[in-house]
Amino acid sequence: MVKVIKGVLLQCDPTVKQVILNLDERDHFIIEDLDETHVFVEASCVEKVKKSLEDLLEENTYKFESQPPNNKD
Amino acid sequence: MSKLYILMDDHGHMVMNTTFREQFRNALTGGGEHQSFGVPSSSVDRHRPENVVAFLDNHATKQWESILHYMVGTASMQTPKKAVRDLLVRSGLMSLRLDNNELKITNKGFQFLLQDVNTQVWAFLLQYLDYAEVLQMDLVEVLNFFFMLGSLELGQDYSVEQLTDTQKQVVEDLANFGLLYRRKRSSRRYYPTRLATTLTSGTSALLGRHPTPSTVNPVAGEDIATEQGFIILETNYKLYAYTDSPLQIAVLNLFCDLKCRFANMVCGMITRDSIKEALTNGITAEQIISYLNSHAHPQMKKSMPVLPLTVIDQIRLWEMERNRLQASEGHLYEQFRCQADYDNVLRYAQTLGVVLWSNARKCMFVVTEVGHQQVRAFIQKRIAQRKNGATNTLESKTYSI
């Protein structure tokens, strides 16, 4: 009558969800894409997703360098 | 107070309970046998230190800071006694590291460090009360002693003769924290330090933390003892702290990237990395902001708002960055046989309050781990009912034939 699947519900903003969909193309962990802000995924890959997300966001942040890099000729 | 039956309503007048009234009068006028405000020692102390108040302040500061230093991990002069370390572990401020049997600070410990001294002292005392209960010490006597402590006078020595055994034990334990001073374990008198006398007052509990002239000569009547702020925060995220106390520098190091240190000042920057590290250690942005606020330099306090909004908002944003993704374990229910089934089960789950997400169009919803058992039982019951209903109609059909 009903199908029940065990997993993890991820709640995020639409930007992050697109990033997750991107990651899914490589690893295929999404069980169901629920709506703009929710995704249902397998429990085992949550840590990996969090780490990859953090790395990606880190890449795109601008950090203030206190000292300008030395140009050595 | 009326709930405690101390004040009662008597034909429109508020009347104080008789027993309470008598004892209150006794305590205030000093009559009768009691020690609500401590028993000053009758004999003169031969070893009374010169300049008692300054000595006590010094002693209290040293003791308290050595405990905090031990928590932060800076190499300090003395490791606290075993009783103190036990209390630290029990209150969850530090935990035992398995590899080398040493204590390591926990998330709660970090939060504790950022609080002001009065809060810290009370937190310790409350933990001590819990501990006392485990040790089966008489709680009433311990509480009695605490309340008495709050009303003692700084600089006056008090005798231990009239205290019960439990209370004598409490005196010894509190001396370890720096709330009391005793020359040696067997001495018959004790001096309360500022940490003890300000237990129930709003003024600051520790003096001499900052090299400011107003706190050098404390007058009896501790109005001057307000903790001077020492942090200046600029809109370019640079931070200057006018302090030479290793403890405060260590606390600043928790969330700030300190760049250089001078004789009376340290300067550093609040960076994304330094705040991220603090957040990973369990400190919240609110705590950092309230710490900065309460220790802001008087010069900063003149402008409104005290701290630059740019920096405050950015700290909060960095904290929110960490929470972009929220994960919750659960079960997805989909492929219902019909809309009515979906509605029924969803309504049941909603009354239980376990629905994480639902979508009527797709006919699916997510339930928490905890709720899953109950919802599954509900569904199975309905399936059983439906089967029974089906067999019943079948039977009735055969009968009618």
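All values reported here derive from a predicted model rather than from experimental measurement. Per chain, numbering begins at 1; letters A, B, ... match sequence-line order.
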More than 12 heavy atoms of other residues, nucleotides or ligands under 6.0 Å from CD of B:Gln287: yes or no? yes
So what's closer than 4.5 Å to chain B heavy atoms on A:Leu34: side chain, backbone, both or neither? both
Just so I know, are the side chains of A:Val4 and B:Val375 near enough to count as touching, which here means a heavy-atom distance under 4.5 Å? no
Beyond-backbone contact of A:His38 with B:Asn359, side-chain heavy atoms, under 4.5 angstrom: no
CD-CZ distance between A:Glu54 and B:Arg324, expressed to the nearest 0.5 angstrom: 12.0 Å
At a heavy-atom separation under 4.5 Å, does A:Leu10 approach chain B through its side chain, its backbone, both, or neither? both
Part of A:Val46 lying under 4.5 Å from any heavy atom of chain B: side chain
With chain A, which of B:Leu325, B:Asn323, B:Thr271 has the greatest number of heavy-atom pairs at distances under 4.5 Å? B:Leu325
Working to the nearest 0.5 Å, report the span between CZ of B:Arg361 and CG of A:Asp35. 10.0 Å
For A:Glu32 against B:Leu332, the heavy-atom pair lying closest together: CB-CD2, 3.9 Å
Between A:Asp33 and B:Lys362 the two heavy atoms that sit nearest each other are O-NZ, 2.9 Å
Against chain B, work out which of A:Val8, A:Leu57, A:Val41, A:Leu9 has the most heavy-atom pairs shorter than 4.5 Å and name it. A:Leu9
Is any side-chain heavy atom of B:Glu369 less than 4.5 Å from a side-chain heavy atom of A:Lys6? yes
Measure distances from B:Lys276 to the heavy atoms of chain A and classify the residue's part below 4.5 Å as side chain, backbone, both or neither. side chain
